[in-house]
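Numbering of ligands and ligand atoms starts at 1, following listing order. Fair warning: this is a prediction, and the values are worked out from it, not measured in the lab. Starting from 1, each residue takes its place in the sequence as its number.
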Amino acid sequence: MNDIEAIMNGWDGEEVILHFDRPSGAWFIIAIHSTRLGPAVGGTRLRHYGSLAEAVEDALRLARAMTYKFAVADFPRGGGKAVIAVPEPFEEGTREDLIRRYGLLLGRLGDLFTTGPDVGTSSSDMNLIFDVAPGRAFSRTIDHGGRGSSGPPTARGVLASIEAACEVILDRSTLQGISVLVQGAGNVGGALIELLQERGAAVCFTDVDAKTIGQWTSRGLEFVPPQEAYARECDVFSPCGLSGVLNRNTIPRLRCRIVAGAANSQLAEEADAKRLKASGIAYVPDFVANGGGAIAITGMEALEWSPEEAERHVRALGNVARNVLRMAARDDISTHEAAVRLAEQRLGMR
Ligand code: PHE
């Protein structure tokens, strides 16, 4: 059995479309994890992978996370995810045609999957997809009839989770003076930094991109070098960049009380949830903290929510985080396990 077969067989989702794009040599991978709660929605990630198997694995894992993200928030959509795995080097000049061909594929699949932006894609890519496949892309720019970037509502959901955790764990009702290290000051992390500062938190950040680092240090924000970030003493560590940052190597170094951030797939493996618990660190599961963007944008564009209604749902993620933290303490289980139980009850799996 080859890698891809093994990965597919080890996955509990519904279907996968694997499409080879001859003109670019890219692969389009569309993973539909579950339509139990509604039609599948998820971001499209565009990047280079070391192998097709790695790209498939990423798509499958991220699609599953979308199912749990929507279920735990009681949102009537199913989980899916797409990956556009491009060869290296990727010519930005070929991007528009590539995205259009990808959009045509989504159009041919009908309402099986509707997408939004993710790592490597943006609202302007969603405009292109929508033009060739009407209805199949959320989060278009405002001048194109969409609700714009999902970054800000995602950041507001993370903020609600951080506030909930500070209340439950630190018995603090405001973020005044709470120290937070934001890992990854991009689209979501950057918006989060501003929200935290407005609330009087003591924020510092880490990043690997020279331009992003310069942007924030020139505004007076303290930069922590990436290799020192995990061991930095703080109240809240907020991963808003890469996947797999919570693992057997990093967890023993953490000097924080709470982990709550926007990155998808923060745990390298399930055992890391137990490692966090054993270290006495309160972890708000990624799929609880980071649902705000997908939920707010999809709610407004597909369910006719007003911006106020969308904001109520984003804030409600704080209640979910609170429930998960309390349930984990009560049942002496990891917060990840608690959130999985909540989601699986909604999915009718328990
Ligand atoms: N990147 C979003 C997520 O992971 C995907 C998304 C954005 C879906 C906007 C719909 C609308 O949740």
E269 with R248: basic N within carboxylate O range, under 4.0 Å: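 A salt bridge is present here (some side-chain N lies under 4.0 Å from a carboxylate O).
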
Could you check whether R341 pairs with E344 (Lys NZ or Arg NE/NH1/NH2 to Asp/Glu carboxylate O, under 4.0 Å)? no

Is ligand 1 under 4.0 Å from a heavy atom in the side chain of E301, in the backbone, in both, or in neither? neither

For ligand 1, indicate whether the residue T154 contacts it via side chain, backbone, both or neither (heavy-atom separation under 4.0 Å). neither

Can you list every pair that meets side-chain hydrogen bond (donor to acceptor under 3.5 Å, both in side chains) and has a residue in residues 219-231, with sequence neighbours left out?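 Every side-chain hydrogen bond (donor to acceptor under 3.5 Å, both in side chains) pair that includes a residue of residues 219-231, provided the two are not neighbours, is Q183-Y230, E194-R219, E222-R232.
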
Which protein non-hydrogen atom lies closest to [atom], naming both residue and atom, and how far is it?
atom	value
atom 3 (C) of ligand 1	K69 NZ, 3.4 Å
atom 6 (C) of ligand 1	A294 CB, 3.8 Å
atom 2 (C) of ligand 1	P117 O, 3.7 Å

Those atoms of ligand 1 less than 4.0 Å from some heavy atom in [X]:
X	value
M66	3 (C), 4 (O), 12 (O)
N264	4 (O)
G43	5 (C)
K81	4 (O)

Among A296, S150, G291, which residue places a heavy atom closest to atom 9 (C) of ligand 1? S150

Step by step, work out the ring-ring contact (aromatic ring centres under 6.0 Å, His included) result for W27 and H19. CA-CA 6 Å; W27 290 91; H19 174 107; 8.7 Å; no

Contact check: T298 vs ligand 1, nitrogen or oxygen atoms, below 3.5 angstrom: no

Just by distance, do the side chain of [X] and the backbone of [Y] share a donor-acceptor pair under 3.5 Å?
X	Y	answer
E301	T298	no
S306	E309	yes
D331	I333	no

Under 30°, 30 to 60°, or over 60°: which ring-plane class applies to W305 and H313, parallel, tilted or perpendicular?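 Aromatic pair W305/H313 classed parallel.
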
